[in-house]
Amino acid sequence: MSDKSQNPDDIEEFSGLNRIFKSKAVQWVINKIGDGSFSEFVDDWKWIFIFSRKYAKMIVLYTILGVCSSTLSLVFSVASKYMIDIITGFDFSMLWFLALVMVGSMVVSLVFSSLVNRISAKISIHVNNDIQAEVFDQIVDADWLELSKFANGDLLNRFNNDISTVSSNAVSWLPNIIVAVYNFIATFCVIFYYDATMAWIALSSAPFLLIASRFLMRKNKEYRKRVLEINSGMMGFESETFYNMDTIKSFGVAGHYSRGLRRWQEKYKKYNLDYNLFSIKTNIGMSVLGMVVSFVAFGYCLFRLWTGAITYGTMTLFLTQRSRLTTQFNSMVNIIPGMLNSAISAHRIRELIELPREKHIPKESEEMAKAARDGFEVRMTGVNFAYVENNQVLRDSDFTAKPNEIVALIGPSGEGKTTMIRLMLGLTHPGDGSVSLVDMNGNKVEINADTRRYFSYVPQGNTILSGTIADNMRMVKEDATDEEIIEALKTACAWEFVSKLEHGIHGKLGERGRGVSEGQAQRIAIARAVLRDAPVLLLDEATSALDVQTERRVLRNIIRQRPNKTIIVTTHRPSVLDMCRRVYRVMDTKLTELSEEESQAMVKDF
């Protein structure tokens, strides 16, 4: 796809008739037609229609109710005209009938408007949920390397803001166009019926106000965009500060961050006050322009009334409907930017949906379940891998880890140990060679997304989420009993401190495991992997915060609990190497198996 995510706000030059209106939204369409990529705009809306079609009946009802509500508003206005004429002419013969019409039309219009609002909200929520559910499923099944190219903030922005933009317009754009056009034509026809000249005056005032407001609208956007940028920057500063509070306190630099906050506050104050002042000026300017046009219309009405050409009721009808005509004209024009914004957001969402999917081999992977109890061998043969072309991380590498074994991966940081784990989990795939899961009968399946069920994984860092310890444990086994959770905690040497907590496994932890130490958080994470009870356990620097004795005790407990488990440990320290059946070193893109003498020498040096 070409770069279609350009925002209309970035456009600065205007062409053709658009030099008069200077509409960035209209210019965006012109540019897309000119460079041949307008078809992408159509494709994006076709994608939106996929979700809209599910609610076609409700959209039709939404449109009908909108038209009916608009019609009743016009009926109310016309009835008001005749009511005024009756009062000013002292003819009360139709008074009660017109009063009934006015009240009835107002009540029914209110009911219809409320139904439109309710239906619109329900459909928007349904569409939003449908799109979010589909996009979420696509994201979690997207190729890991391709997905990692998107920043987390960008993913969240697309998942929330862009989907919200699409869902709000997916339902309403067509009804809004129909209702706005109907309102505009019907209002013009009502005025034209009573006085053609007044109708043309009202019609001419709408584009005049629109053109006159272009500069003010552009400046308003610029100010608003800058204020939003300041708000985002301030929120980012606050979020980063609170997230790294431990580091800030440790370095004793709280004053630096306090001064930083005040600098952001000063920017926030300046730009918000500037924006507020500009908004006031804008409102004054628009009000003055509106008043000028209103005075012209009002003067014409007074002249017509003085000459006896119209009644007081007709004059009131004209003045109210003139304003309505201008409003409907602006509504029709403003639908275009909404459609463009929806197309841009849809394109950004489609970029996520169209990411390559993960590799699945469901049938062969499912068949391996029969042999899971006896354990699996993890085998890598002749593996070459590079994240970026011509920048090899692994070259011609072989690896084996069998049931009832602890196998270590050692080596300097950044040499490829975590990459090896990703290859075993099927997050990445070798450029050459193979990574396989082999059962005790010699049957094997290539590692893919479906073989992850046979792995338990404890990654680097703190992976504890906010909630109770039991909630964290049940992430991997939703139906786990309290007894099973406690048994897993005992295996990971975590029960000795969890049992002392006020509420035990139901005690709440904060974000990143606040409430327990780093070593305790690691033991809970290991217990979670133990509870999953998969044939293969991957520990990626997962015991770095444990003392040597606890580290060795945890590994012995795991092997004792499940003798056929295959355990693969990546580590920087050789404290457990004498417990390992094999030790592999990753260095200079090459994976090498160390001899027993080399392993023992490293342990002695430690």
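Residues take their numbers from the sequence shown, with the count starting at 1. Because the structure is predicted, anything quoted here is derived from the model rather than measured.
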From CA spacing to verdict: side-chain contact (heavy atoms from CB on, under 4.5 Å), Phe184, Val181: CA-CA 5 Å; Phe184 183 79; Val181 170; 5.7 Å; no

Rounded distance [0.5 Å steps], CG in Asp141 versus NZ in Lys359: 14.0 Å

Ser167 to Asn128 - nearest heavy-atom pair and separation: OG-OD1, 3.3 Å

Side chains of Asp43 and Lys46 in contact at under 4.5 Å (non-hydrogen atoms): yes

Beyond-backbone contact of Trp47 with Ile131, side-chain heavy atoms, under 4.5 angstrom: yes

CA sep, side-chain torsions, deciding dist, call: Arg474, Glu478, salt bridge (charged side-chain N to carboxylate O under 4.0 Å, His left out): CA-CA 5 Å; Arg474 289 193 173 102; Glu478 293 182 1; over 6 Å; no

Minimum heavy-atom distance Leu319-Cys301, with the two atoms named: CD2-SG, 4.0 Å

4.5 Å side-chain heavy-atom contact, Gln132 and Asp130: no

Arg452 side-chain N/O to Gly426 backbone N/O, donor-acceptor pair under 3.5 Å: yes

Non-hydrogen side-chain atoms of Ile310 and Phe318 separated by less than 4.5 Å: no

Sub-4.5 Å side-chain heavy-atom contact between Thr71 and Tyr182: yes

Sidechain-backbone polar pair: Asn472 side chain, Leu465 backbone, donor-acceptor under 3.5 Å: yes

Flag if over 12 foreign heavy atoms under 6.0 Å of CZ, Phe49: yes

Side-chain donor-acceptor pair present, Tyr387, Arg422, cut-off under 3.5 Å: yes

Spatial distance of atom CD1 (Ile191) from atom OG1 (Thr320) [nearest 0.5 Å]: 8.0 Å

Nearest non-hydrogen partners of Ala142 and Glu358, listed with the distance: O-CG, 3.3 Å

Check: Ile59 main-chain N/O paired with Thr63 side-chain donor or acceptor under 3.5 Å: yes

Interatomic distance, Leu155 atom CG to Leu147 atom CG [nearest 0.5 angstrom]: 5.5 Å

Candidate pair Asp195 and Arg304, rule salt bridge (charged side-chain N to carboxylate O under 4.0 Å, His left out), full reasoning: CA-CA 10 Å; Asp195 191 305; Arg304 296 286 285 168; 2.7 Å; yes

Neighbour count above 12 (heavy atom, 6.0 Å) for Tyr300 OH: yes

Atom pair CH2/CG of Trp144 and Leu355 - distance to nearest 0.5 Å: 14.0 Å

For Lys508, side-chain hydrogen bond (donor to acceptor under 3.5 Å, both in side chains) partners two or more places apart: none

Note, Arg259 side chain near Arg262 side chain (heavy atom, < 4.5 Å): no

Phe188 vs Trp200, side-chain contact (heavy atoms from CB on, under 4.5 Å): CA-CA, chis, key distance, verdict: CA-CA 8 Å; Phe188 178 80; Trp200 292 115; 3.9 Å; yes

side-chain contact (heavy atoms from CB on, under 4.5 Å) evaluation trace for Leu352 with Phe159: CA-CA 9 Å; Leu352 297 179; Phe159 187 73; 5.8 Å; no

Candidate pair Thr468 and Leu509, rule side-chain contact (heavy atoms from CB on, under 4.5 Å), full reasoning: CA-CA 6 Å; Thr468 67; Leu509 302 177; over 6 Å; no

From CG (Asp162) to CZ (Arg348), nearest 0.5 Å: 4.0 Å

Salt bridge (charged side-chain N to carboxylate O under 4.0 Å, His left out) between Glu351 and Lys149, intermediate numbers included: CA-CA 12 Å; Glu351 285 179 342; Lys149 295 176 183 177; over 6 Å; no

Any donor-acceptor N or O pair under 3.5 Å, side chains His360, Asn448: no

Minimum-distance pair of heavy atoms, taken over all atoms of Leu317 and Val78: CD1-N, 4.2 Å

Pair Thr314-Thr311, side-chain donor/acceptor within less than 3.5 Å: yes

Nearest atoms (heavy-atom pairs only) where Pro362 meets Asp450: N-OD2, 3.2 Å

Point-to-point distance, once rounded to the nearest 0.5 Å, from CZ of Arg357 to CD of Gln138: 4.0 Å

Between Trp264 and Tyr257, ring centroids under 6.0 Å: no

